[in-house]
Amino acid sequence: ALFDALFKNLGGAALDVFEVEPLAADSPLWSLGSDKIMLTAHNADLTEEYYELGWDVWQANLAKFVKKEPLHTPVNIAAGY
């Protein structure tokens, strides 16, 4: 649907997350060109505050870990992340 919309009435799109990652090399999205689409590697959150916020979360998680409390950002192996 998105692919068709980009040719009919949608001016462009920026995509960062895909159902299957990484995006397959043969995906038709790669053929659209930079004037229609911007594809990023699931890292569009890289901002000026990225490292500071990450450090804050890490410190908070360490404190929770030491207290045997649930972490803010748990890993869910069954879900794949």
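Within the structure, ring-ring contact (aromatic ring centres under 6.0 Å, His included) pairs that include any residue of residues 3-23 comprise Phe3-Phe7 (at least two apart or interchain).
A donor-acceptor distance shorter than 3.5 angstrom exists from the side chain of Lys36 to the backbone of Leu6, with no hydrogens or angles considered. In terms of modelled atom types and a separation under 3.5 Å, the side chain of Trp30 and the main chain of Leu39 share no donor-acceptor contact. Under the 3.5 Å distance criterion, the side-chain polar atoms of Ser31 are matched with a main-chain donor or acceptor of Pro28.
Through direct or indirect side-chain contacts shorter than 4.5 Å among Ile, Leu, Val, Met, Phe, Trp and Tyr, Leu53 is connected to no other residue. The other residues sharing a hydrophobic cluster with Leu71 are Phe65, where clustering joins ILVMFWY side chains under 4.5 Å apart.
Contacts of Glu49 classified as side chain to side chain donor-acceptor pair (under 3.5 Å), with partners at least two apart in sequence or in another chain: Thr47. Looking at residues two or more places apart in sequence or on another chain, you find a salt bridge (charged side-chain N to carboxylate O under 4.0 Å, His left out) between Lys64 and Glu69. With sequence neighbours excluded, the residues that form a side chain to side chain donor-acceptor pair (under 3.5 Å) with Thr73 are Asn61.
Atom CE of Met38 is separated from atom CG of Asp16 by 8.5 Å, given to the nearest 0.5 angstrom.
A heavy-atom distance below 4.5 Å is found between the side chains of Leu29 and Leu23.
A single hydrophobic cluster is seen to contain both Leu10 and Ile37, as judged by linkage of ILVMFWY side chains at heavy-atom distances under 4.5 Å, directly or through other members. Residues Leu2 and Val17 do not share a hydrophobic cluster, clusters being chains of Ile/Leu/Val/Met/Phe/Trp/Tyr side chains in contact below 4.5 Å.
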